[in-house]
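Beneath this line is the structure, given in structure tokens, with notes to follow.
In this chain, residues are counted from 1 in sequence order. Keep in mind it's a predicted model, so treat the numbers as computed, not measured.
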Amino acid sequence: MTKQNELVQQLKAIVGEKKVLTSDTKTSYYRCGFRSGMGTALAVVFPKTLLEQWQLIEVCVEANCIIIMQAAKTGLTEGSAPSGDDYDRDVVVINTLAINQIHLINEGKQAISLPGASLHALEEELSKINRGPHSVIGASQLGATVIGGIANNSGGALVKRGPAYTELAIYAQVDEKGELHLVNNLGIDGLGETAEEILTNLQDGNFDPANIRYDVGVASDNEYEERVRDITSDIPSRFNADERRLFESSGCAGKLGVFAVRTDTFALPKKEQVFYLGTNNPDKLAQLRVDILSSFKNLPDMGEYMDRTIFNITEEYGKDTFVAIRYLGTKKMPLLYEIKSKAENLLKGIPLLPADIPNKFMQYTSKLFPNQVPKRILEMRDKYEHHLILSMSDEGIEEAKVYLKENWSEDKEDADGGYITCTKEEGEKALLHRFAAGGAAGRYAVMNSGKTEGILPLDIALRRNDKDWVEELPEEIKDNLLVKMHYGHFMCNVFHQNYLFKKGTDNARMKSIMLAFLDSKGAKYPAEHNVGHLYKAEDSLQKFYTKLDPTNTFNPGIGKMSKYRQSCNCC
């Protein structure tokens, strides 16, 4: 029996034969990225418990394998799946979605989330006690996990809470000698002495609340509100390589085998109000950002930006997402996207059949539904190029009303913008339209593949003191550009910028020019999707990854780093 077969048999002995996939056809879905990228793997394994997860990691480390931890696989930069076939060891993907328990502690003021627990599930659980999670993001409808967000310092849309962050976690780590350790920094005493006892008691919630410590670290970015208000700083408010928010599991990008994280929760507001703003003058929006961050007592809950181009593209190419979420709910979305992705992977293996059939089917089906965007918001689209969805709560509502009436009323002589106070339904639909934008950009690229070289998505954070947020692109970019689509988290100066270039354009060159252009502006990238296999990690981030994983056992190759075994004295 070969060593590979031996390992596969060990994996099956831990989780059962049906929970180990080895054929290329069956593993294909788990070996590809959400938007792009694909790689090789010896096996994809599905543990049901934390103990099984630990045992799988043990045998993989013993067999000198590469381990890629995977959950919902919603990463946009190819960081949650293998990449290519140039690894120096066998790759095992451990998919943890089945381990989805959530334990609320301290009267729900904090939550302990296991690897498969989704942000949406946490949101649902907390809504029962009138609280909300540390983050609310557009990807929540795709089933993004809490641990995935922590591992990637995901940003999200909430102005007051900043990137996903905690200093309280329990994880598997391989040291420079190649030895595996269970590191328990969750802040709960009395879970047991051995890894088996600790992980089993944790999963079962078998711990005494009196043994939970509250003096051992923070469970959210509790300084972010002060940071985002500092509009004089030339450092962006949040970005993945920010050393102040790289700590063990936070920002680890899969370089650890994380079993659980502990995060803060937050009281839900008593009242909420969405305002929809439009202008043709980008300086007016820049001034609004300065005014709100510098003088408002109450920060917005969200400040989501869209330009008219992505508004229109989402109206046509994001309608199916809008309809599915509105009528089926976010809970059904992970299953729908899994079915679609598996169908695409299956079609890739059938000669003469295009893999984009599911996308085209969904696009043509969406035409059967009426326009989903409210009439008053469509009227704003017709008038204005730049759009801001401003969500305020409690005392902040009145503060925003006074400011907007004074500065954004259309009936003023010098008015160069306007706003509407949304009804509840208009506000919900406006935000849903915004969060359908990410998928709409990709769909547009698929449906127009005959005239474009595909999509170049950039995830950037501008300096906090940068008011020139609308770019003046380099000439070579403009000459090759087919369409650009911008949306983002306006108060944080974080933008998702998608570029589609004309057929025949060298996209690699365009990306190089764009990144150099962003460097010249003092911007940071990626802002909240992490480096994955698409971005080169900054030196400080590379050092962080190497410190966490000196043998390069977990998720090697991210950040354009080496995929080879490193610093190991065990061989």
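Side-chain contact, Glu399 with Asn298: a donor N or O sits under 3.5 Å from an acceptor N or O. Gln287 and Asp283 form no side-chain donor-acceptor contact under 3.5 Å, judged by distance and modelled atom types alone. A donor and an acceptor atom, one from each side chain of Glu123 and Ser127, are nowhere located under 3.5 Å apart. Side chains of Gln70 and Asn95: a donor-acceptor N/O pair is present below 3.5 angstrom, by distance only.
Judged by the 6.0 Å and 45° rule, Arg464 forms no cation-pi pair with Phe239. In this structure, Lys563 is positioned above the aromatic face of Tyr87, its NZ or CZ under 6.0 Å from the six-membered ring centre and within 45° of the axis. Seen from the ring of Tyr165, Arg245 counts as a face-on cation partner, given the 6.0 Å and 45° thresholds.
Without hydrogens or angle criteria, Thr546 side chain to Gln542 main chain gives a donor-acceptor distance under 3.5 Å. A side-chain donor-acceptor contact under 3.5 Å links Asn493 to the backbone of Arg463.
Scanning for salt bridge (Lys or Arg N to Asp or Glu O under 4.0 Å) contacts around Arg238 gives Glu528, with sequence neighbours left out. When the side chain to side chain donor-acceptor pair (under 3.5 Å) test is applied to Ser237, the partners found at least two apart in sequence or on another chain are Tyr224. Listed by chain and residue number, Glu476 satisfy the salt bridge (Lys or Arg N to Asp or Glu O under 4.0 Å) test with Arg509 (two or more places apart in sequence, or in another chain). Under the side chain to side chain contact (heavy atoms under 4.5 Å, CB included) criterion, Phe266 pairs with His134, Arg161, Ser220, Asp264, not counting sequence neighbours. Shown here are the salt bridge (Lys or Arg N to Asp or Glu O under 4.0 Å) partners of Asp301, two or more places apart in sequence or in another chain: Lys160.
The nearest pair of heavy atoms linking Ser83 to Glu78 is OG-OE1, 4.3 Å.
Residues Asp242 and Arg227 are paired through a salt bridge, judged by an N-O separation under 4.0 Å between the basic side chain and the carboxylate. One finds a salt bridge joining Arg381 and Glu315 here, because a Lys/Arg side-chain nitrogen approaches an Asp/Glu carboxylate oxygen to under 4.0 Å. Taking 4.0 Å as the cut-off between side-chain N and carboxylate O, Arg262 and Glu167 do not count as a salt-bridged pair.
Within the structure, ring-ring contact (aromatic ring centres under 6.0 Å, His included) contacts touching residues 468-489 (residues at least two apart or in different chains) are Tyr305-Trp469, His386-Trp469, Trp469-Phe490, Trp469-Phe495, His486-Tyr499, Tyr487-His496, His489-His496.
Rounding to the nearest 0.5 Å places CG of Leu288 at 6.5 Å from CG of Leu277.
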